[in-house]
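Any value given below was found using the heavy atoms of this structure, including those in side chains, with hydrogens, waters and symmetry copies removed. The sequence lines fix the lettering, A, B, ..., with proteins before strands; numbering per chain opens at 1.
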Amino acid sequence: MSVIIGFLFMAAVYLILSRSLIRVVIGTGLLSHGAHLLILTMGGFSGSAPPVLEDSVTDFVDPLPQALILTAIVISFGVTAVFLVMAYRAYQELETDNMTLLKGNDEHD
Amino acid sequence: MINLLLFPVLIPFLTAMILMFFPKRVSAQRTVTVIGMIASVISSAILLYTVMRDGVQAVTLGSWPAPFGITMVSDPLSAGLVLTSNLITLAIVFYSFRSIGAGREKHFYYPAMMFMLTGVNGAFTTGDIFNLFVFFEVLLMASYVLIVLGGEKRQLRESIKYILVNIVSSAFFVTTVAMLYSVTGTLNMADIAAKVSEIGQSGILTVIAVMLILVFGLKGAIFPLYFWLPSSYAAPPVPVLALFGALLTKVGVYAIMRTVTLLFPHDPGFTHEMLMILSILTVVAGCIGALAYFDLKQIVIYNIIIAVGVILFGVSQMNMAGLEGAVFYLIHDMFIKAGLFMLIGVIIAITGTSNLREMGGLLKTYPALAWTWLVAAFGLAGIPPLSGFFGKLLITQGAFEAGNLWGGIIILASSLIVLLSVIRIFIHAFWGEPKPVKGTSKQIYRGLFVPAALITALTVFYGVGTEWLRPVMFDAAEILHQPSIYIDAVLKE
Amino acid sequence: MISVLLLFAPVVAALFVPLLASRLRGIHTGWFVLAVPVLLFIYYLGFLPQVKDGGVHIGELSWIPSYGISLTSYIDGLSLLFSLLITGIGALVVLYSIFYLDKTKERLGNFYVYLLMFMTAMLGVVQSDNMIALYGFWELTSISSFLLIGYWYTRDGSRFGALKSMMITVFGGLMMLGGFVLLYIMGGTFSVRELASMAPELAEHSLFTWALVLLLLGAFTKSAQFPFYIWLPDAMEAPTPVSAYLHSATMVKAGLYLVARFTPIFAASEIWVWLVTSIGVLTLFWGSFFAVKQTDLKGILAFSTVSQLGLIMSLLGASAAAFHVEGAAETMFKYAGFAAIFHLVNHAAFKGSLFMVAGIVDHETGTRDIRKLGGLMALMPVTFTIALIGSLSMAGLPPFGGFLSKELFLTGMLSLGELDLFAPASWGTVLLIVAWIASVFTFIYSFYFVFRTFTGKHKPDLLPKSAHEAPAGMLISPAVLGLIVVAIFFVPNFIGDWIVKPAVAAVQPFMYGSPADVDVHVAAWHGHVTPELMMTIGIVITGLVLYWLLPKWQGGYRAFPEYLTLNKLYDSSMIFAESGMNRLSRSYMNGLIRSYLIYMFAGIVIIVLGSMFVKDAFAVSFEGTAPIGPAEIGLLTVLVGSVLTTLVARKRLTAILALGAAGYVVALLFVIFKAPDLALTQLVIETVSVALYLLAFYHLPKLSRHDEKRKFRVGNAIIAAGVGLMMALLAMSAASQKALPSISQFYKDTVYSEAGGGNIVNVILVDYRGFDTLFEIAVLSIAAIGILGMIKLRLTRKGDQHEKQ
Amino acid sequence: MEILINILVAVPLIVGVVFTLVTAIGLNRFPDPYTRAHAASKSSTVGVLGILLSVFLHFWLIEGHFSPRILLGILFLFITAPVGAHMMGRAAYFSGVKPSELTVKDELGEDIRRHEGK
Amino acid sequence: MMILFWASLVLIVVSMAIILYRLIKGPTAPDRVIALDAMGVTLISVVGLLSILVGTRFFLEVILLLAILSFLGTVAFSKFIEKGEVFDRGDSD
Amino acid sequence: MRSSDVIIQTTTKVVFYIIFLFAIHIFFAGHYTPGGGFVGGLLTASAIVLLLLAFDIRTVKKALPINYTVLIATGLVLALGTASASILFNVPFFTHAYDYFTLPLFGETSLHSAMLFDLGVYLVVVGATMNIILSIGSDD
């Protein structure tokens with residue numbers, strides 16, 4: 001599982017470093033998948049039932065990481081949406097999706 | 001009132017909600033914002049008073065016992081920071097009236113500001129590490145909105161970078177929290193601290209501590225993670241810049257302070273040494289940048305980085321003097337940065353440019369502005385009795401006491417660079433031959449200058465009136481120095 | 001208490017100056033200001049009798065008691081001497097400035113505010129017993145000096161000089177602060193007096209030398225010692241009254257004051273003795289040597305000041321040497337301390353008058369270039385007289401005060417030759433010889449200054465104005481100082497007893513219990529030919545010869561390469577600070593987010609992997625890892641496949657579909673790992689996200705690789721692999737090292753009984769950790785309003801065209 | 001009884017799995033989007049119906065949990081699958097994907113032409 | 001009986017892999033959408049089987065949800081491919 | 001020809017209600033079984049999205065005249081209000097109150113103030129999602 005997480009992060013970072021804005025956006029999507037899976041992994045995999053009360057089940061998986069992931073998912077959804085809109089607005093205004101051309105000058109421009 | 005410490009978080013939050021009902025009515029937006037801010041300032045002042053009188057305030061939400069619910073904790077440090085943030089935001093709200101423009105005001109400028117303040121105050125107050133993440137996200141999300149609002153070319157270009165960096169850092173943050181949870185099985189910071197000291201700070205915990213330092217360092221702009229900051233901060237309009245410069249990085253710094261003092265103080269030979277080296281490098285990097293540019297905004301922005309380095313250097317000393325100095329300097333820097341950025345805004349409004357080479361001779365036409373700037377500049381550089389001095393004095397003292405002589409000397413020498421960078425602004429903008437400037441109406445000038453001058457006056461008071469503030473600083477540093485006070489206040493309810 | 005408040009009298013007075021300057025335009029503002037130093041001078045005179053008998057006055061105003069910081073007014077011999085100098089010369093300078101600065105052309109308000117500010121600062125420096133207050137006033141002197149030098153702020157030279165002086169002196173001040181802090185750490189107090197009382201213990205401390213060196217940096221920069229003197233000549237851009245006041249009589253002496261004040265503490269250190277003395281002598285030589293090169297009147301005086309400051313500095317060093325000599329009070333060593341203070345007074349008087357003369361010449365002829373001047377004696381006889389008195393005193397000739405102090409100086413240097421302390425005896429001799437040569441040059445530049453200006457051929461056509469004698473008012477102040485110079489020669493012991501001895505007793509408490517013990521009698525003629533007299537005669541003869549030959553060898557200065565000078569060093573460091581730093585900064589701050597991210601990722605990976613390695617944090621345990629079944633393998637394969645697809649996709653739709661697929665697989669993983677809530681949410685979110693992508697695609701271009709080079713991609717891949725590796729290792733290690741059970745058990749136990757729910761995850765969300773959720777929806781709300789704002793508000797279209805991209 | 005229930009559960013399951021496999025194969029073997037859409041919608045719907053029925057029966061008969069949601073799901077799939085297929089076909093056609101050469105008749109094209117001809 | 005379920009699951013995952021191949025290969029966008037739709041439908045089966053195997057009824061919600069979303073996705077993609085935009089603005093015609 | 005999606009429009013009219021009902025169901029079930037405000041809200045939003053897909057933005061706006069920004073604000077106020085009620089009783093913020101009731105038809109149920117909070121969440125999610133989607137969708 002950890003290997004998969006590492007793989008996800010690797011792919012995400014690779015995409016984020018690329019030149020195309022869309023690929024960068026996709027990279028952030030993968031990044032959040034990786035992060036969520038990592039939280040899940042951190043909860044451990046012991047426990048045999050979903051953390052929902054049911055008669056005669058006592059061995060639940062750890063519910064806390066799930067709650068955390070849920071929060072994280074929603075947040076990253078919001079961030080993705082903002083990023084996406086920002087990306088296309090940037091494309092509209094700057095007329096490029098090439099990250100290299102998005103460099104700009106630090107000094108008074 | 002056991003919920004008192006929540007008020008500075010909830011009042012801006014509520015204000016933001018109310019503001020969302022009528023986004024297009026500018027005067028109503030302004031009125032509600034000001035009312036909300038004043039209420040928030042008052043509540044945080046009461047909070048600070050209460051904390052000083054009764055000791056650390058803690059409430060675990062939902063009436064659950066401490067490590068299980070989310071605990072909000074207000075110690076002198078966080079209460080002080082909350083009050084500072086509120087005051088600065090109030091000033092910037094006034095400042096915005098004349099500078100931000102109706103377009104932005106009609107498009108959720110004030111709610112975003114209030115949300116951001118909510119996030120900042122929450123991050124200062126929370127005692128739960130995942131909740132800290134959530135508050136970080138609140139303030140970051142609000143900052144995304146603020147940085148891009150208006151949709152100018154430069155804003156969009158820099159917002160992309162800003163948001164990207166922060167998405168990455170958030171991903172790292174949340175994973176680090178998860179790892180911390182995996183090892184210690186808890187999320188409450190006091191509980192983590194107690195458990196870490198119980199089981200000993202093993203290797204993995206130290207690595208997690210390093211991760212946390214780096215993650216917060218990304219927000220707080222330490223070396224080698226500060227690169228995104230200068231150009232991003234320069235993009236939005238000045239009030240937003242002032243807000244960012246005063247508050248955002250400081251949240252990261254605050255979080256690092258908590259991390260290394262409360263959660264992981266047991267391996268200073270590694271974590272604190274590392275933090276010290278990083279902070280010195282940060283100072284150096286900031287100095288390079290502060291000298292390198294002839295742009296008003298850039299110069300002051302790089303000074304943020306220098307200040308971050310100085311504060312963290314103080315923290316890394318882990319003795320009373322160093323910590324107290326760090327607290328002192330932290331609050332000083334919030335005020336002074338807000339003041340400087342607001343003053344820069346006035347200059348830009350007058351000259352119509354932020355390029356130093358295109359201005360000059362303002363001393364003749366705007367003497368009050370010049371003197372205010374000079375006071376602020378000397379305050380920043382730490383000329384006694386202005387506000388920057390005592391923090392730096394204590395930090396140096398802490399460094400010397402800890403035996404880091406060269407570190408202390410570098411910190412002192414950095415003041416010189418700071419002074420050079422801001423005095424250069426004075427020399428180029430206010431001295432020299434007057435150059436033709438755009439000029440601005442008297443009303444706008446006053447609307448911008450008065451809040452800026454008030455904040456600067458506050459910094460003067462902060463320096464001169466050190467004696468009255470000292471108990472706060474001392475208590476704050478003591479809690480940082482002896483985390484058991486904090487832990488007990490949270491866990492033994 | 002009163003005396004402390006009086007320190008601030010000038011600043012308080014300064015508050016009214018702008019008002020007076022603007023309301024009462026008819027009267028020169030200086031007249032009002034004049035009252036301040038005069039009254040203070042009289043006030044301080046009142047302390048003389050008390051101090052003469054070894055008494056001290058202490059006023060204290062508590063400021064920040066919790067840090068041990070207070071404002072004090074500690075008046076002993078030394079500080080009284082300085083206070084009198086500051087207020088006395090201050091009064092004369094203000095008087096002079098009334099005639100020097102035109103009330104209609106100048107912005108007098110500013111000028112006098114700065115000047116009064118400086119006065120407070122300087123009084124504060126010399127009267128503060130508390131080191132922090134001392135430091136505060138110290139920096140205030142730098143600031144007011146900065147403002148005064150930059151008074152004519154439209155001139156490039158003024159701005160340059162102002163910045164230069166501020167940079168150097170503030171640097172020194174900061175280092176000095178470091179020294180103060182070290183002293184505080186050693187002694188536990190900021191009070192100089194208390195520190196002095198524990199001097200022997202301090203000397204044992206390991207930080208002692210650090211403190212010493214840092215403190216001396218402060219003193220040397222302020223007193224323009226080698227190699228920090230370079231700011232002083234450039235400070236001559238200030239109006240002449242300022243030069244006379246700050247840059248000869250008072251501010252530059254703050255460094256001397258500091259050394260004198262801390263001599264009781266540091267005298268025990270041999271480093272102190274040799275450092276102070278040799279830097280002093282070196283400065284003495286250097287300043288006098290280069291003074292001859294100058295062509296600007298004020299430039300000559302500036303270098304002369306540097307040189308004279310070096311002289312006093314070396315004497316102070318020698319006076320500390322007395323600490324190491326048994327029974328020093330009985331030997332020649334006693335002269336050094338006395339000479340230092342005595343010359344300090346002398347110098348203030350003659351240099352003040354000379355600066356004023358230079359100012360008069362400038363004012364009346366319009367130039368200070370010595371090449372254009374000459375033959376002014378006939379036109380300006382009074383000025384000439386004053387200049388002659390000052391110059392001859394400076395050259396060390398009788399019947400002027402300078403002769404006496406030069407004699408004492410030579411005595412002090414001779415005594416060093418006998419000191420075989422911690423260094424070969426010859427070292428002292430070297431110093432003596434250098435000092436002698438320097439005195440020769442002093443002689444030359446003194447003559448050079450006065451005779452080149454006032455004798456020789458008058459060249460009226462070179463002068464911007466036709467020269468004539470200055471108005472009487474302008475001559476008052478220099479004349480008074482000239483009179484003092486003469487008076488000192490004739491009644492040296494009056495000044496010695498009343499002013500110098502109390503100060504000496506304060507500098508050398510290890511020798512004298514009270515001022516009365518200072519057993520020095522100054523006389524012009526000792527009844528026999530002393531070595532000092534011989535040396536003086538030598539100086540005069542050699543000096544005269546060399547002055548005669550001056551036109552022959554002055555050109556030799558030009559042989560000295562410009563690029564080796566310290567000025568050049570300062571200039572190039574400032575240029576480096578601007579353009580060099582700019583280039584440096586631009587080399588990595590290139591605006592490319594990719595570069596920044598690469599730095600950041602690389603930094604994080606290196607630091608974290610390094611920490612893992614150092615702390616041996618890596619661990620793997622397969623206990624409690626995910627069960628691997630066929631379903632898992634299948635799903636993970638699909639996941640890897642879709643992730644790879646996003647990597648290689650050439651069409652954006654493919655990339656999005658693959659991303660969606662990855663999201664769905666993650667949702668299925670949630671199913672496998674028994675997280676129904678997560679699975680539900682992930683599914684919906686994923687779908688909505690994909691819909692968002694599709695919506696946004698309407699506005700976005702087709703996917704393009706922008707021809708990424710192979711090198712580019714390999715670089716990315718390396719960084720990416722590093723991050724991936726780091727995360728994998730971290731995740732593995734963290735998951736394998738669960739030290740404590742989770743707090744979740746509590747939730748399982750109480751969810752039904754206390755929280756009244758069944759779905760633990762949901763109950764955590766809305767109850768246990770509802771606070772998170774509250775702000776999580778806040779995040780969502782902000783995102784919504786942000787997007788609305790982004791789309792609806794477009795300021796670019798209205799203008800803002802100054803950006804070309 | 002047990003066996004009967006097992007058979008009741010197993011039969012739709014096997015049918016469903018077979019159809020799903022057929023779908024997958026069809027999706028790969030057919031030459032153009034139109035035919036593939038046919039495979040995807042028809043056979044996969046049957047496949048999933050079979051499996052869902054089996055799941056429903058499993059929970060109802062073996063675990064005693066009557067789940068109306070599954071029935072609802074089946075209903076939903078029944079309603080939406082053809083519509084989805086229709087949409088995809090349209091999409092393919094209007095985005096300009098050429099039908100395979102084996103196609104006999106292009107009725108929609110004729111319709112459009114007739115429509116425009118009017 | 002469990003073996004039967006497992007076997008079915010494996011077979012379905014195999015078909016998923018095949019569909020995935022189509023998804024990756026294309027060659028046209030509609031092909032991919034069709035594959036995605038099929039994928040969604042197969043996913044429903046997988047979830048159904050999984051909930052039997054894991055032995056809990058709480059995933060049954062997921063089935064209906066998936067059906068809904070799969071339909072939604074199909075429609076959205078189809079419209080995107082057909083018209084290049086997902087929503088009709090309603091003010092153009 | 002292209003815009004008259006009769007088939008999809010007809011289907012949508014039915015399917016919309018199914019989805020909506022399911023969303024409400026999932027929202028209410030949240031406290032005891034998987035689901036809750038988030039999923040419920042998102043599903044509701046999906047239902048509206050389906051409407052948007054089948055019809056066009058103007059029609060949907062006319063049919064559902066909701067100001068989504070106000071919806072968000074209302075949701076936030078509701079959520080905060082629920083949580084803040086505890087301030088009035090001077091117990092820690094966010095303390096919930098609940099009780100079990102036995103109602104006819106439903107059997108044992110609980111009335112829980114957390115439900116109200118969840119309703120706030122639901123409203124915010126619907127509002128925010130629709131706001132985002134509509135903003136992007138109606139941009140040109």
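For E:S51, the parts lying under 4.5 angstrom from a heavy atom of chain D are both the backbone and the side chain. Using a 4.5 Å cut-off between heavy atoms, D:L21 contacts chain E through both its backbone and its side chain. Contact of E:I63 with chain D is made through the side chain alone, with heavy-atom distances under 4.5 Å. Looking at E:I68, both its backbone and its side chain come within 4.5 Å of chain D, counting heavy atoms on both sides. Contacts of E:L9 with chain D are absent, with no heavy-atom separation under 4.5 Å from either backbone or side chain.
Applying the side-chain hydrogen bond (donor to acceptor under 3.5 Å, both in side chains) criterion to D:S43, with sequence neighbours excluded, gives D:T23.
Interatomic distance, CD1 of E:I52 versus NE2 of D:H58, reported as 4.5 Å (0.5 Å rounding).
The two residues E:A38 and E:I19 make their nearest non-hydrogen contact at CB-CD1, 4.0 Å. Residues D:P12 and D:L8 come closest through the heavy atom pair CD-O, 2.9 Å.
Interface remark: of the candidates E:I44, E:V14, E:V75, E:I44 forms the most heavy-atom pairs closer than 4.5 Å to chain D. Looking only at heavy-atom pairs under 4.5 Å with chain E, the residue among D:I70, D:L13, D:V18, D:L77 that has the most is D:L13.
Looking at E:S8, its side chain does come within 3.5 Å of a backbone N or O of E:L4 through a donor-acceptor pair.
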